[in-house]
Amino acid sequence: MLIDNDEKYLAMLDRLRTGPPLMVYDLETSGLDPFRGDRLIGVAILIPDMSGETPGETFYIPFRHLAGTNLPIDRLYWLAPFLADPQRSLVGFNLKFDVHSTEIERIPVFNRHMDVMLAAHLANENELSFALKHLGTKYLESSAADAESELMQKIKKKVKELGGSTASAKLKGEMRVLPPEHVAPYAEQDVYLTWQLARFYQEVLTKQGLLHLWPEVNAYSETITAMERRGVLIDPERCKRNLEYAKQRQEELYGQMRQIVGKDFNPNSVPQLREILKQKKTDRDTLIKLAQLKNPIAPLLLEYRAWVKVAGTYYEEFLKLMDDSYRIHPNLNLIGTISSRLSCSRPNLQALPRGTDVYRVRDLVIAPPGYVLVSFDWNQAELRLLAHYTKDEFLLDAYRHQKDIHQETADRIGITRTQAKRTNFSIVYGVGKIGLAEELGISVPEAAQLLERYHAMLPGIRKLYSTSEQIATRNRQIPMWTGRLRHYREEDPTHRAMSHLIQGGVAEMARIALTKLHRRLEGTRAYQILQIHDEILFEVPIGQEIEIVKAIKAIMEDYPFDVPIVAEGKIGYSWGNMKPIDFRDGEPVIPKLERENV
DNA sequence: CCGCATAGCCC
DNA sequence: GTACGGGCTATGCGGG
């Protein structure tokens, strides 16, 4: 039903008040970037019929269409009491987006999330697409996909009439060119579809014994939403300076290369570089070899590439993505991986260079006035989880007595500590002799020998590898320590099962820690702002460091494993410049920080 | 405009 | 006999 006057609106609100404490909620917006200007244009709501006799009632409330009749935007606030109630639930599809778009309108959302997209990912992380229409047509015999394309045709036509662009990427943003009565059926279809899928997945998750995890990932979604909303603060002046310098260095380096080559060329073109360098590949390893052979272009190109990377991927992107208070709000994707890790995009803050000189990118992430940044990361989370599973005496003993695991490994196998460290990491990924040979820069037979000695020392690892694979092969799934499943289709290889068990297990540790921390930090002025798999970044008010840091450490070390889990903290005014926090008898010693001046 | 290849950043 | 786990982005280039 299209809500086109106050009377109908009030009647709908009455249904909300007297109905069940949940509604399906889906916004139509002018675009996909709520933090940078895209705005809500209408709200679709489904009020379920809990008796199940009817699918429920659907409504569409238009606020910012460019044609037809809207309700005045201040009527949006009539929904506020229904969104600010933690006793109520919001059923949706990728709720983070709808919540951001709502909160941008200064309407805080405290409803519990019930995100059907997350249910779909729990039930089967292998889906080709997690789009609502895709899942709808796949599982519901629905014609939603057709309805959608019809609507797109309408929009295209309308935009053409108005003489606008018909670029398909802009279509979503042009939905507002249509009058509400054309959009309402489509929007109502979406909430209907969402509700049907909610019921479908409730059943699927129940059958798989996973239903108890849905509220957990929904709580995670709430904390991730808060993190995205807070975002991370960028030093804009420094970012601009760095960008200018990077551009200038690119110019200089191209000039020098141009001199040597003797004619114009595109230093970004791999085919041209292959020609110039007379090499099949032009990657870093190749260039380093060439540089050692005194090729004059190779070192210049290496540095050139670094500046291109840093300028294009980070500096320019940060300036583009900053909101007007210099914060960027990355997309922390809850369904971006098969292992249940988060992925991150726009920008990918999980892949900021940690390096020095050219790559001083983390310096740009700074604490706001009155705050410091605090970072905690787990000490060798994967290996500790591996130790928990394998029960290898060597690992258990080393971790229980706080020995240097890499040094111990090195001593036992007769290699350097660096080699041992790399081997330990590679083992978690399930590498073979070829991969390890590559990693360590040794021959394949040498790597094979090394692996033999390694597995002789740690027999549990090879065993875990094969039992994981057996379980995955037989059951086509393997449970993490939380019960979350990694599923394997008939055609999927299962040799990565151990790797999934460990990587997924650590991801589950992170999920649980972040969810607990979100609750713990409520009411303080400290915020979690980023998760980088085994690291969490916080903004902590100056003066509260001791209390907050203790709470973080306690939560990040609270796991039911046979080995202790250890989290180590750092603190600083920028992410690129942190000092360790010492713990003496459980009491943190906050190091003295200097504001660095550049 | 899109998909693929190559290169390169992270845990 | 085999086999390095999981991500995102920029750029060029050739297809339509």
Side-chain angles (χ1 to χ4, degrees), chain A residues 125 165-170 250 265-274 279-288 301-302 304-318 320-321 330-355 358-359 361-362 375 377-383 385-386 422-423 425-440 444 447-448 451 465-466 468-469 486 493-507 509-510 530-537 575:
Chain A
E125 70 283 1
S165 140
T166 57
S168 67
K170 288 195 74 181
Q250 282 179 45
F265 69 104
N266 180 352
N268 300 319
S269 164
V270 173
Q272 289 186 35
L273 289 174
R274 275 200 274 248
Q279 299 289 321
K280 278 184 201 151
K281 288 164 68 87
T282 71
D283 64 359
R284 184 167 41 221
D285 285 351
T286 308
L287 293 178
I288 288 173
L301 187 55
L302 277 167
Y304 174 85
R305 284 235 175 107
W307 289 115
V308 168
K309 174 77 182 172
V310 112
T313 309
Y314 307 111
Y315 301 144
E316 281 179 356
E317 201 60 10
F318 286 2
K320 252 185 248 165
L321 293 175
N331 175 25
L332 290 164
N333 192 352
L334 290 158
I335 58 160
T337 72
I338 53 169
S339 62
S340 92
R341 289 206 322 190
L342 296 179
S343 73
C344 182
S345 60
R346 304 202 58 212
N348 183 0
L349 294 181
Q350 288 180 326
L352 291 201
R354 34 184 16 284
V358 176
Y359 291 108
V361 176
R362 292 190 186 206
S375 157
D377 70 311
W378 285 302
N379 175 289
Q380 295 158 11
E382 271 99 352
L383 274 182
L385 193 55
L386 198 65
R422 290 181 168 213
T423 307
F425 280 122
S426 303
I427 287 290
V428 177
Y429 301 151
V431 296
K433 54 190 173 186
I434 298 169
L436 188 62
E438 185 115 338
E439 175 73 27
L440 298 181
V444 175
L451 278 177
Y465 188 97
S466 63
S468 305
E469 188 174 11
R486 166 79 179 104
T494 53
H495 67 270
R496 301 183 187 120
M498 183 187 88
S499 169
H500 294 154
L501 182 70
I502 300 301
Q503 188 179 119
V506 174
M509 287 170 61
L530 209 55
Q531 184 254 54
I532 314 95
H533 310 305
D534 62 354
E535 174 182 0
I536 307 174
L537 191 63
W575 195 14

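In the text below, chain A, chain B and the rest are named by the order of the sequence lines, each starting its count at 1. Only this structure's heavy atoms are used, side chains among them; waters, hydrogens and symmetry mates stay out.
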Base [N] paired with [X] side chain (donor-acceptor, <3.5 Å):
X: Q350(A); N: dG7(C); answer: no
X: R496(A); N: dC4(C); answer: no
X: R341(A); N: dG6(C); answer: yes

Under 4.0 Å, heavy atoms only, any strand: does [X] hit a base, just the sugar-phosphate, or nothing?
X: R362(A); value: sugar-phosphate
X: L352(A); value: sugar-phosphate
X: I338(A); value: sugar-phosphate
X: Y314(A); value: sugar-phosphate

From the set [options], return the single nucleotide nearest to any side-chain atom of [X].
X: R346(A); options: dG7(C), dC4(C), dT9(C); result: dT9(C)
X: S343(A); options: dG7(C), dT9(C), dC9(B); result: dG7(C)
X: T313(A); options: dG6(C), dT9(C), dG7(C); result: dT9(C)
X: P353(A); options: dG6(C), dC10(B), dG8(B); result: dC10(B)
X: K309(A); options: dC4(C), dG5(C), dT9(C); result: dT9(C)

If I take atom [atom1] from residue [X] and atom [atom2] from residue [Y], how far apart are they, to the nearest 0.5 angstrom?
X: W307(A); Y: L302(A); atom1: CH2; atom2: CG; value: 14.0 Å
X: I427(A); Y: L451(A); atom1: CD1; atom2: CG; value: 5.5 Å
X: L273(A); Y: Q279(A); atom1: CG; atom2: CD; value: 11.0 Å
X: Y429(A); Y: R496(A); atom1: OH; atom2: CZ; value: 14.0 Å
X: L530(A); Y: Q350(A); atom1: CG; atom2: CD; value: 6.5 Å

Between the protein and nucleotides 12-16 of chain C, which nitrogen or oxygen pairs come in under 3.5 angstrom?
residue	atom	partner	partner atom	Å
dG12(C)	OP1	N266(A)	ND2	3.0
dC13(C)	OP1	S269(A)	OG	2.5

Check this one for me: any side-chain N or O of [X] less than 4.0 Å away from OP1 or OP2 of [N]?
X: S345(A); N: dG7(C); value: no
X: R284(A); N: dA7(B); value: no
X: H495(A); N: dT2(C); value: no
X: T337(A); N: dG7(C); value: no
X: R354(A); N: dC11(B); value: yes

Rounded distance in Å - [atom1] ([X]) to [atom2] ([N]):
X: I434(A); N: dT2(C); atom1: CD1; atom2: C1'; value: 8 Å
X: K280(A); N: dT6(B); atom1: NZ; atom2: P; value: 13 Å
X: D283(A); N: dA5(B); atom1: CG; atom2: P; value: 17 Å
X: L530(A); N: dC11(B); atom1: CG; atom2: P; value: 12 Å
X: E317(A); N: dT11(C); atom1: CD; atom2: C1'; value: 14 Å
X: N333(A); N: dC8(C); atom1: CG; atom2: P; value: 7 Å
X: L334(A); N: dG7(C); atom1: CG; atom2: C1'; value: 14 Å
X: I288(A); N: dA7(B); atom1: CD1; atom2: C1'; value: 13 Å

Pick the closest DNA chain C nucleotide for Y465(A) and for H533(A) by heavy atoms, then say which residue is nearer the 5' end.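 Nearest nucleotide further toward 5': that of Y465(A).
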Do Q503(A) and S339(A) pair up side chain to side chain, a donor and an acceptor below 3.5 Å, judged on atom types alone?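 Short answer, yes.
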Residues T282(A) and R305(A): side-chain donor-acceptor under 3.5 angstrom: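 Yes.
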Do you know which of R341(A), E382(A), M509(A) makes side-chain contact (heavy atoms from CB on, under 4.5 Å) with H533(A)?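 Only one option passes, and that is R341(A).
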List the steps and the verdict of side chain to side chain donor-acceptor pair (under 3.5 Å) for E439(A) and S426(A). CA-CA 8 Å; E439(A) 175 73 27; S426(A) 303; 4.5 Å; no
